[in-house]
Amino acid sequence: MSGVIEIRGVTKSYHMGGDVVVHALRGVDLTVDRGEFVAIMGPSGSGKSTLMNVVGCLDVPDSGSYQLAGEEVRTMTDDQLAAIRNRRLGFVFQTFNLLPRLNALENVELPLVYGGDGHERKERAMRALERVGLGERMHHRPAEMSGGQQQRVAIARALLNDPDIVLADEPTGNLDSRSSAEILAIFQRLNDEGRTVVMVTHEPDVAQHCKRIVRMRDGLVHSDERVEHPARATEELETMPEEPIAAPVPA
Amino acid sequence: MKLFDSFHEGLRSIAVNKLRSSLTMLGVIIGVAAVIAMVAVGNGASQQVQGTILSLGSNLVTVTPQAQTQNGLRGEGPASQTLTLEDMTAIQDQLGSSIAAIEAEQSAGPWQLTAAGQNWNTRVTGVTVDYPAVRDWNVADGAFFDQSQVNVNAQVAVLGASTAQQLFGDADPVGQSIQMRSLFVGSGPNARARIINFKVIGVLEAKGSTFGINRDDQVLVPTTTAQHVLTGRTTTVSSIVIKATSADAMDQTTSDVDQILMQRHKITDPANADFQVQNQNDTLAALNNITGTFTLLLGAIGGISLLVGGIGIMNIMLVSVNERTREIGIRKAVGARRQDILSQFLIEAITLTGTGGVLGIVLGWAISEVVKKIQSGIPVAITPGTVGVAVGVSVCIGVVFGLYPAMRAARLHPIEALRYE
């Protein structure tokens with residue numbers, strides 16, 4: 001019972017207008033320990049993204065309990081949730097969710113605008129970008145970068161406040177295989193450094209890079225298994241051609 | 001979120017939508033410019049009126065006759081004939097140096113003047129020797145009459161600048177003689193003209209017009225001459241004019257004069273007084289009241305356009321919040337609190353209206369300058385107060401009309417905002 005993420009009987013339903021109610025989560029139990037690298041898989045509508053939003057404090061469960069490092073999240077105020085998103089969690093989205101009007105550096109700085117002391121903001125953002133290998137492209141806008149580069153900017157943003165937990169909702173869903181491998185390599189490195197990583201994906205190949213795979217179906221955890229020998233993304237990268245053809249990225 | 005960041009964001013988003021921002025701002029610009037220009041014109045008009053009043057002589061307290069009341073019966077017809085030169089002398093003796101100057105006037109009505117083959121028709125007024133001091137109006141040429149001339153009903157005249165011009169052209173009138181003819185004495189077969197000779201001893205400085213009346217078209221003679229020679233109203237004067245030592249002393253002087261005359265005229269109830277003491281301050285206050293209303297009305301017209309501009313701000317801010325729903329979601333996802341989003345949009349609205357306000361002041365100033373050029377009679381006055389109010393009001397409009405859109409933005413749910421396409 002020392003999981004950094006402790007979810008007990010969490011339900012969540014959405015009213016889609018009229019009498020239509022979608023029960024996205026029907027009583028999910030999940031424990032994630034510190035330092036784990038978990039993939040959450042499942043078909044569309046299985047509730048994996050909803051679960052991710054609850055874990056990421058972007059959404060609040062209807063019932064049940066969610067304890068993050070021992071603190072109950074469900075009863076927190078909006079401002080407390082905002083502070084957790086800002087300091088304790090790093091969230092990476094499938095569609096990157098960068099602000100198109102800001103350059104890479106300004107996008108990465110954003111969490112420090114809303115929290116932290118603002119001291120050395122620029123320096124910290126530059127270091128974060130260098131860590132994901134984008135030191136050269138700090139002043140490019142998202143539209144001037146490939147999908148893989150945009151996702152690396154998003155990761156740099158998620159890492160800025162040095163969170164314990166990194167959450168990713170289909171981070172490789174919009175990327176070619178080389179970019180995907182690069183992103184996975186970064187996540188594996190973060191996990192090696194001791195961070196907890198939880199990632200939603202529907203690609204089995206991608207899931208094989210994690211240490212544990214949780215499968216969901218119809219709003220419940222369906223199966224939960226260990227991966228004996230996770231694939232190493234850095235090794236795969238060595239066998240791939242050097243410069244990938246940058247795929248056009250949907251906005 | 002620091003204020004600087006919010007401000008920076010506000011400016012950036014205005015810069016991104018330049019056309020839209022400037023069109024939105026136009027509403028505020030026109031509103032503020034309207035307020036500034038309208039109030040400037042109103043203030044200018046009011047200053048002009050004040051200047052005109054003060055050009056009649058400053059710090060004046062005027063005594064004029066009122067209807068007589070006896071045993072509760074108010075007399076009908078013309079004003080009482082009880083104000084005399086002795087009243088003036090009494091006031092002068094009793095108040096001494098606590099007043100600056102005093103004079104008594106008897107208007108003698110219009111007379112036909114003839115001199116050097118020219119003729120002219122103008123009003124003739126009897127005044128006493130301190131007229132130049134009371135009215136701040138000196139002779140430009142020659143001399144004003146002195147007490148000895150007043151004492152002997154001397155037939156001497158001081159001409160207004162226009163009158164002198166009409167009768168003598170460019171020639172020097174001083175020392176010349178003029179004839180005054182009364183227009184109507186008697187009627188029918190008994191009608192006859194009276195012709196009286198006067199010697200011109202001075203010409204007044206030119207003062208221009210007041211309320212459309214040419215003040216330089218007049219003839220001054222000694223009050224005693226007006227009484228005994230011209231009108232036959234041998235004891236009375238039509239007004240006594242006192243110049244107080246300062247604007248602050250006017251109220252004291254007014255009540256002093258009132259008391260002296262009440263005593264001299266043996267009046268116990270002020271309601272029955274057969275005279276009225278008028279204070280120039282009261283006249284100014286009454287006129288300021290009128291011009292103030294006028295200014296307020298003009299300002300209100302500007303205020304309405306400012307209101308319309310504010311609604312435009314609200315409209316565009318709502319559109320902006322809608323367009324940037326996703327951005328709001330992203331900001332919330334990385335830890336922006338409600339108040340961060342609220343202040344971001346509020347400051348954006350304030351930046352819009354504040355910039356509009358400053359530009360509006362410049363435009364308003366330009367309009368007032370143009371008005372000043374076109375209508376040279378109206379002085380235009382932009383006061384720091386007007387500018388302050390305009391800036392304050394435009395910032396307030398940003399707050400008032402930006403608040404609702406900003407609150408809508410702040411209330412957005414992060415997940416719904418992120419899903420928004």
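So that the names make sense, note that chain A is the first sequence line, chain B the second, and so on, each numbered from 1.
- Atoms CG and CZ, on Leu418(B) and Phe93(A) in that order, are 5.0 Å from each other to the nearest 0.5 Å.
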Could you go step by step and tell me if Arg337(B) and Asn86(A) meet the side chain to side chain contact (heavy atoms under 4.5 Å, CB included) rule? CA-CA 10 Å; Arg337(B) 289 161 302 168; Asn86(A) 186 253; over 6 Å; no

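- Neither the backbone nor the side chain of Gln80(A) comes within contact range of chain B; no heavy atoms are under 4.5 Å apart.
- Contacts of Gln339(B) with chain A are made by side-chain atoms alone, with heavy-atom separations under 4.5 Å and no backbone atom involved.
- The contact list for residues 58-79 of chain A toward chain B, using heavy atoms and a distance under 4.5 Å, reads Leu58(A), Asp59(A), Asp78(A), Asp79(A) by residue number.
- A donor and an acceptor atom, one from each side chain of Arg326(B) and Asn97(A), are located under 3.5 Å apart.
- Of the two parts of Leu81(A), neither the backbone nor the side chain holds a non-hydrogen atom closer than 4.5 Å to a non-hydrogen atom of chain B.
- For the pair Ala82(A) and Ala336(B), the tightest heavy-atom approach, listed with the atom from each and the gap, is CB-O, 3.8 Å.
- Among Leu89(A), Leu102(A), Ile84(A), the residue making the largest number of heavy-atom pairs under 4.5 Å with chain B is Leu102(A).
- Pairing each heavy atom of Ile330(B) with each of Leu99(A), the nearest pair is CD1-CD2, 3.9 Å.
- With a 4.5 Å cut-off on side-chain heavy atoms, Glu327(B) and Pro100(A) do not count as touching.
- Within the 4.5 Å cutoff, the side chain of Tyr114(A) has heavy atoms near those of the Arg331(B) side chain.
- Around CZ of Arg131(A), the count of heavy atoms belonging to other residues, nucleotides or ligands within 6.0 Å exceeds 12.
- In this structure, chain A has a heavy atom under 4.5 Å from the side chain of Arg324(B), while its backbone stays farther away.
- A donor-acceptor pair under 3.5 Å is formed between the side chain of Arg85(A) and the backbone N or O of Lys332(B).
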